[in-house]
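Notes for the one structure printed next.
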Protein chains: 2
Amino acid sequence: MPSPTYQRIADDLRRAIVDGELPPGSKLPSRHELARQYEVSDRVAVEAVRLLVAEGFVEAKSGSGSYVRHRPEMQRLTRSWYTHRNGGSPFRAAMAAAGRPGTWESSTERAPMTPPIAARLAARPGDPAMRTWYTFLADNEPVMLSQSWEPLYLTEGTPVMLPEEGPHAGCGVVGRMAVIGQQITHAEEAVSARPALAAEAGRLKIRPGGLVLTIARTYHTDQRPVETADITIPVERYSLVYEIPVQ
Amino acid sequence: MPSPTYQRIADDLRRAIVDGELPPGSKLPSRHELARQYEVSDRVAVEAVRLLVAEGFVEAKSGSGSYVRHRPEMQRLTRSWYTHRNGGSPFRAAMAAAGRPGTWESSTERAPMTPPIAARLAARPGDPAMRTWYTFLADNEPVMLSQSWEPLYLTEGTPVMLPEEGPHAGCGVVGRMAVIGQQITHAEEAVSARPALAAEAGRLKIRPGGLVLTIARTYHTDQRPVETADITIPVERYSLVYEIPVQ
DNA sequence: TCGAATTTGTGCGTATGTATC
DNA sequence: GGATACATACGCACAAATTCG
């Protein structure tokens, strides 16, 4: 079973891009030209180029042409062991390290735990929790989305029930939990990736279907998980850097 | 500027899938049906479904229908602080933790450093290095690809010059470097994601264009970087778990 | 400044092959 | 074998953006 023609064309172009024959910024043959070279209909050439666009190798400009994408300047989002030492939130620390001012917007509400969240918090589906949505910004550009869950049986009636209000706002989960006697000992971050949903793409200002890294983060004390969050980062602009001490 | 019709249809279906209205395994309306519902040509319905297939939400079976993909059982690949304590390689430790026997194949050769590799090793492009390709297997299934670079000015003429031969084969970089007096103090892992290249898809046995997580790992001593590797993991089957001690 | 040519994005209708039921 | 459904391909049309004389 031979590969379909449009895939063969895409493969040729992709290889040329990876090998550097078509350097970043250079212009691809127009679809008319491709159709002529490969002796196919122009629709087939369209499909081939569309595939490369979807894969992120190529950027197409209406009326101008299709161009090999520049490797974006990727900012590093450091998620280090060390950044947890100084009391602030991990995001603030990472942005400070990069010399960019980090800010965020948030909104909090009560919500029952969904089944996957309950599993991560060692609770039962439907148990009451505080859910907080975050949009993290650097230079007024969206960097990261997060949806954080804290079980209410820990925080209800305490000064830290609302993560972003009161005397401990903006301190990060570790600091706030310490106030109510929960000593967080370690975090677990499960990293994966998928295409962005339409709503996420809008909030992160990336194209729909653009790739995002997802982190399922859970903070634990010796006893139990105390907070979990789903974090979403556009892979086009940021790479996630873990620093791991050895020995 | 309204979204094109095929994107609107794809968005509707995608949302239904994520929200659980269309659970894994359920059948999508046929494209004939979709075309009728949205009052468009069947070609537009084809584009919409094709988009979801490319994004990995849907699997299309010729002659049968298009189905919501099952979320595969994702194995956890733990890349923890702790796994570096016991001398073995991180991969072997992670597989042992998961109760699966980990094996690998490798081949090593001299090669001059490429510019990006040289930058990561604080060397000059073209400097001599040993390059080792790895294919990591669990239950005879490919799990992870890696391409590792070690500067020859450190290892040439020592018993550890060849990573997978001699008395220290299979000990992992940390152990081997210790033999020649290089005390590795920390690792840095930069995580990103992209579609698999055709060759990678073949070696990992995933569909072409399937997503892979990439890790650019560099081991450092107090003085200098001593090894760096490009690691590739299919995101469909594995999620990357970092355990981070806090305080 | 204007207009023609080029290029991409989207959409329609049709046709053929093949896999599944 | 027939009906259904998906995969690919052809050819055409028009809108919008861009380029350039």
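In this structure, a donor-acceptor pair under 3.5 Å is absent between the side chains of B:E243 and B:T78.
Between B:W149 and the options B:T218, B:T132, B:T114, a side-chain contact (heavy atoms from CB on, under 4.5 Å) holds for only B:T114.
The distance from atom CG of B:L28 to atom C1' of D:dT4 is 16 Å, rounded to the nearest whole Å. A:K61 places its NZ atom 16 Å from the C1' atom of C:dT6, with the value rounded to the nearest Å. In this structure, NE2 of B:H32 is placed 13 Å from C1' of D:dA3, rounded to the nearest angstrom. In this structure, A:E47 atom CD and C:dG11 atom P are separated by 13 Å, rounded to whole Å. In this structure, the CZ atom of A:R8 is 17 Å from the C1' atom of D:dA7, given to the nearest Å. Across the protein-nucleic acid pair, B:L51 atom CG and C:dG11 atom P stand 12 Å apart, rounded to whole Å. Atom P of nucleotide C:dG9 and atom CZ of A:R31 are separated by 8 Å, given to the nearest angstrom. Rounded to a whole Å, the CG atom of B:D42 is 13 Å from the P atom of C:dG11.
Remark: B:Y6 is in phosphate contact with C:dT10, judged by side-chain N or O atoms under 4.0 Å from OP1 or OP2.
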Evaluation steps, salt bridge (Lys or Arg N to Asp or Glu O under 4.0 Å), between B:E47 and B:R31:
CA-CA 9 Å; B:E47 302 295 348; B:R31 62 199 201 189; over 6 Å; no
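Atoms OG1 and CG, from B:T232 and B:L213 in turn, are 9.5 Å apart once rounded to the nearest 0.5 Å. The line from CD1 of A:I17 to CG of A:L28 is 5.5 Å long, rounded to the nearest 0.5 Å.
Toward the 5' end of DNA chain C, the nearer of the two residues A:S64 and A:V46, judged by each one's closest nucleotide, is A:S64. Nearer the 5' end of DNA chain D, as judged by each residue's closest nucleotide, is the contact made by B:R50, out of B:R50 and A:G63.
Residue contacts shown for A:V49 are absent, as no nucleic acid heavy atom lies under 4.0 Å away.
With C:dT8, C:dG11, D:dC6 as the choices, the nucleotide that has an atom nearest any side-chain atom of A:R43 turns out to be C:dG11. The side chain of A:S62 sits closest to D:dA17 out of D:dA17, C:dT20, C:dG11. Closest to the side chain of B:V44, out of D:dA9, C:dC12, D:dT19, is C:dC12. Of the candidate nucleotides D:dC6, D:dT8, C:dC12, D:dT8 has the atom lying nearest to any side-chain atom of A:P4.
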